[in-house]
Amino acid sequence: MKLVTFAQNGLTRIGAVEGEQVIDLNAALKAKLESEGKIRAEKISEAYIPTDMKGFLQGGKESLELAKESVQFALNNESAVQLVFDKTDVKVGAPVTNPGKMICVGHNYREHILEMGRELPSHPVLFAKFANTIVGPEDDIPFYPISEQLDYEAEFAFVVGKRAKNVSQEDALDYVAGYTIVNDVTYRDIQRRTIEWLQGKAVDGTAPMGPWLVTSDELTDPAGLEISLSVNGEERQRSNTANLVFTVQRLVEFLSELMTLEPGDVILTGTPGGVGVAREPQAFLRDGDVVRIEVDKVGVLENKVRKVEG
């Protein structure tokens, strides 16, 4: 399934994308249960498919199976309550808007490590972004007048699907709900003001995410996926997740040894070579630039840079 968060008539809910349509999952399950004569349909639907993504992911495989059934019900049945929307009639947001943790991995593509003049790390390099950085696939990237060195970073990301502590690599993918794309937008000079990177990574709007969350039953193998980024149609980054120093499985193992991962946590796996700061000459983003990231079997995330005045 392709899961989204969407807004319609001032309400934010979660849905599944089928072609050019978005199915309201909570409403679809409620309508399905009502059609079966269930008296407590509203409470049951809220328990198994709440209207927020993190709550839904906490329901695990049982909620996912009910969501699949609800999609088929919605597509096959007319209802007094609208269950299916055209994508053009809703605003699609980031699939996960309020992760408990948003963990980023630095120096994880071999060619990017080399272009930055570093050696391959023996352990994953970690830093964080926060929920304030998240914007959706239909939003602009805000460019604040705090720096002129706004840079892009294409990232293949995964979302945790169930509580994970001390998980082995062999079992790791069982703890992944699905995969998405994130642009780890970075203010480079601010990032480098100190030896710790957080300042340049935590500015509002610096984590465009989307276009949806592809569930792990649909994308079963995160290895061997092409990833590319272009600015105004010019390719700047290209690699393959086969080039990750630390795989998704290894990252689940490593992170779950350090901390308990929870449903809805978002993990960015690193960026390939070709970032603007490492090019000759350097090539930073400008107002009006269109940044497009594509990952095999996931989709396309495209956002425009918009300068914020004052």
Side-chain angles (χ1 to χ4, degrees), residues 102-121 124-127 129 133 135 137 140-143 147-158 179-192 197 199-203 205-211 222-248 251 266-306:
M102 195 170 182
I103 303 167
C104 308
V105 182
H107 302 155
N108 202 24
Y109 280 88
R110 290 172 175 82
E111 70 275 19
H112 179 51
I113 297 168
L114 295 175
E115 77 175 357
M116 300 302 282
R118 299 177 183 270
E119 297 181 355
L120 295 183
V125 176
L126 304 181
F127 59 95
K129 292 177 90 81
T133 65
V135 294
D140 293 334
I141 301 169
F143 189 176
S147 166
E148 289 298 318
Q149 295 189 6
L150 189 69
D151 209 348
Y152 51 82
E153 292 191 10
E155 305 249 357
F156 174 62
F158 66 91
Y179 304 91
T180 190
I181 303 169
V182 178
N183 188 349
D184 178 19
V185 176
T186 306
Y187 289 82
R188 290 295 181 197
D189 51 347
I190 296 176
Q191 175 192 6
R192 294 179 169 184
W197 300 347
Q199 296 176 55
K201 300 284 190 176
V203 180
T206 54
M209 182 191 300
L225 305 177
E226 282 289 304
I227 178 172
S228 63
L229 178 145
S230 65
V231 178
N232 302 327
E234 176 194 2
E235 186 173 292
R236 300 280 184 87
Q237 293 183 283
R238 178 172 291 276
S239 191
N240 190 290
T241 57
N243 295 326
L244 289 172
V245 178
F246 304 104
T247 64
V248 170
L251 291 174
V266 178
I267 317 298
L268 283 63
T269 62
T271 197
V275 294
V277 71
R279 300 179 75 86
E280 290 291 344
Q282 292 181 334
F284 296 112
L285 296 173
R286 295 289 179 258
D287 183 40
D289 283 350
V290 176
V291 186
R292 176 186 173 95
I293 304 172
E294 185 167 359
V295 177
D296 282 350
K297 300 182 181 180
V298 179
V300 173
L301 174 66
E302 183 174 290
N303 302 87
K304 180 180 285 189
V305 178
R306 176 183 55 83

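Numbers here simply count residues along the sequence, with the first being 1.
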K.L.:
Of all residues at least two apart in sequence or in a different chain, which pass the side-chain contact (heavy atoms from CB on, under 4.5 Å) check with Asn303?
P.N.:
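Partners of Asn303 under the side-chain contact (heavy atoms from CB on, under 4.5 Å) test: Ile141, Pro208, Leu301.
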
K.L.:
Once ring-ring contact (aromatic ring centres under 6.0 Å, His included) is applied, do any residues pair with Phe246, and if so which ones, sequence neighbours excluded?
P.N.:
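Listed in chain order: nothing, the list is empty.
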
K.L.:
For the side chain of Gln237 and the backbone of Thr271, is there at least one donor-acceptor N/O pair under 3.5 Å apart?
P.N.:
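Not a single qualifying donor-acceptor pair exists.
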
K.L.:
For Gly270 and Tyr109, which heavy atoms make the closest approach, and how far apart are they?
P.N.:
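In this case the closest contact between Gly270 and Tyr109 is O-CE1, 3.3 Å.
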
K.L.:
Identify the heavy atoms of Pro211 and Ile181 that sit nearest to each other, and give their distance.
P.N.:
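For Pro211 versus Ile181, the nearest heavy atoms are CD-CD1, 4.3 Å.
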
K.L.:
What donor-acceptor contacts under 3.5 angstrom involve side-chain atoms of residues 288-295, with partners at least two apart or in another chain?
P.N.:
unit_1, atom_1, unit_2, atom_2, d
Asp289, OD1, Asn232, ND2, 2.9
Asp289, OD2, Arg286, N, 2.8
Arg292, NH1, Glu302, OE1, 3.4

K.L.:
Applying ring-ring contact (aromatic ring centres under 6.0 Å, His included), name anything that partners Phe158, two or more places apart in sequence or on another chain.
P.N.:
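Result, ring-ring contact (aromatic ring centres under 6.0 Å, His included) vs Phe158: none returned.
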
K.L.:
In Å and rounded to the nearest 0.5 Å, what is the CG to CG distance from Asn183 to Leu285?
P.N.:
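Between Asn183 CG and Leu285 CG, I get 7.5 Å after rounding to 0.5 Å.
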
K.L.:
May I ask you to test the Thr269-Val105 pair for a side-chain heavy-atom distance under 4.5 Å?
P.N.:
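The answer is no; the side chains never approach within 4.5 Å.
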
K.L.:
Could you tell me the separation between the CG atom of Leu244 and the CG atom of Leu251, rounded to the nearest 0.5 Å?
P.N.:
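So the CG of Leu244 and the CG of Leu251 are separated by 7.5 Å.
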
K.L.:
Go through the structure and list residues passing salt bridge (Lys or Arg N to Asp or Glu O under 4.0 Å) with Glu235, not counting sequence neighbours.
P.N.:
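Testing Glu235 for salt bridge (Lys or Arg N to Asp or Glu O under 4.0 Å), a comparison that skips the adjacent residues, returns Arg238.
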
K.L.:
Name all residues meeting the salt bridge (Lys or Arg N to Asp or Glu O under 4.0 Å) criterion together with Lys201; count only those two or more places apart in sequence or in a different chain, and write none if there are none.
P.N.:
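Partners of Lys201 by the salt bridge (Lys or Arg N to Asp or Glu O under 4.0 Å) criterion, ordered by chain and then number, come out as Glu153, Asp184.
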
K.L.:
Which residues pass the salt bridge (Lys or Arg N to Asp or Glu O under 4.0 Å) test with Asp140, sequence neighbours left out?
P.N.:
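Salt bridge (Lys or Arg N to Asp or Glu O under 4.0 Å) check on Asp140 returns Arg306.
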
K.L.:
How far apart are the closest heavy atoms of Pro142 and Gly205, and which atoms are they?
P.N.:
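Minimum heavy-atom separation between Pro142 and Gly205: CD-O, 3.6 Å.
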
K.L.:
Nearest 0.5 Å, please: how far is CG in Leu126 from CG in Leu268?
P.N.:
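If I round to the nearest 0.5 Å, the distance is 11.5 Å.
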
K.L.:
List for me each residue that meets ring-ring contact (aromatic ring centres under 6.0 Å, His included) alongside Tyr187, sequence neighbours excluded, and say none if there are none.
P.N.:
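With neighbours one apart ignored, the set is empty.
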
K.L.:
Test of understanding: with side-chain hydrogen bond (donor to acceptor under 3.5 Å, both in side chains), list the residues that count as partners of Asp287, not counting sequence neighbours.
P.N.:
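Result, side-chain hydrogen bond (donor to acceptor under 3.5 Å, both in side chains) vs Asp287: none returned.
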
K.L.:
So, using side-chain hydrogen bond (donor to acceptor under 3.5 Å, both in side chains) as the criterion, who are the partners of Ser147 when residues are at least two apart?
P.N.:
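Counting only residues at least two positions away or on another chain, Ser147 forms a side-chain hydrogen bond (donor to acceptor under 3.5 Å, both in side chains) with Asp189.
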
K.L.:
Begin from the C-alpha positions of Gln149 and Arg192 and carry the test side chain to side chain contact (heavy atoms under 4.5 Å, CB included) through to its verdict.
P.N.:
CA-CA 11 Å; Gln149 295 189 6; Arg192 294 179 169 184; over 6 Å; no

K.L.:
For Arg236, enumerate each residue passing the salt bridge (Lys or Arg N to Asp or Glu O under 4.0 Å) test, keeping only those at least two apart in sequence or located in another chain.
P.N.:
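With sequence neighbours excluded, Arg236 shows a salt bridge (Lys or Arg N to Asp or Glu O under 4.0 Å) to Glu234, given in chain and number order.
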
K.L.:
Using every non-hydrogen atom in the two residues, find where Gly106 and Phe127 come nearest and quote the distance to one decimal.
P.N.:
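Gly106 and Phe127 have their closest heavy atoms at N-CE2, 3.9 Å.
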
K.L.:
Donor-acceptor check, side chain of Gln191 to backbone of Trp197, threshold 3.5 angstrom: yes or no?
P.N.:
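No, because the side chain of Gln191 does not come within donor-acceptor range (under 3.5 Å) of the backbone of Trp197.
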
K.L.:
By side-chain hydrogen bond (donor to acceptor under 3.5 Å, both in side chains), which residues pair with Thr206, not counting sequence neighbours?
P.N.:
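Scan of Thr206 (side-chain hydrogen bond (donor to acceptor under 3.5 Å, both in side chains), adjacent residues dropped) gives Lys129.
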
K.L.:
Between atom CZ of Phe156 and atom CD of Glu226, what is the distance when rounded to the nearest 0.5 Å?
P.N.:
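Answer for the CZ-CD pair, Phe156 versus Glu226, is 12.5 Å.
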
K.L.:
List the atom of Asn240, the atom of Ile227, and the distance in Å for their closest heavy-atom pair.
P.N.:
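In terms of heavy atoms, the two residues are closest at N-CG2, 4.1 Å.
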
K.L.:
Any sub-3.5 Å donor-acceptor pair from Asp151's side-chain atoms to Gly276's backbone N or O?
P.N.:
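It does hold such a pair.
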
K.L.:
If I compare all heavy atoms of Phe284 with all of Arg188, which pair ends up nearest, and what's the gap?
P.N.:
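Smallest heavy-atom distance, with atoms named: CE2-CG, 3.8 Å.
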
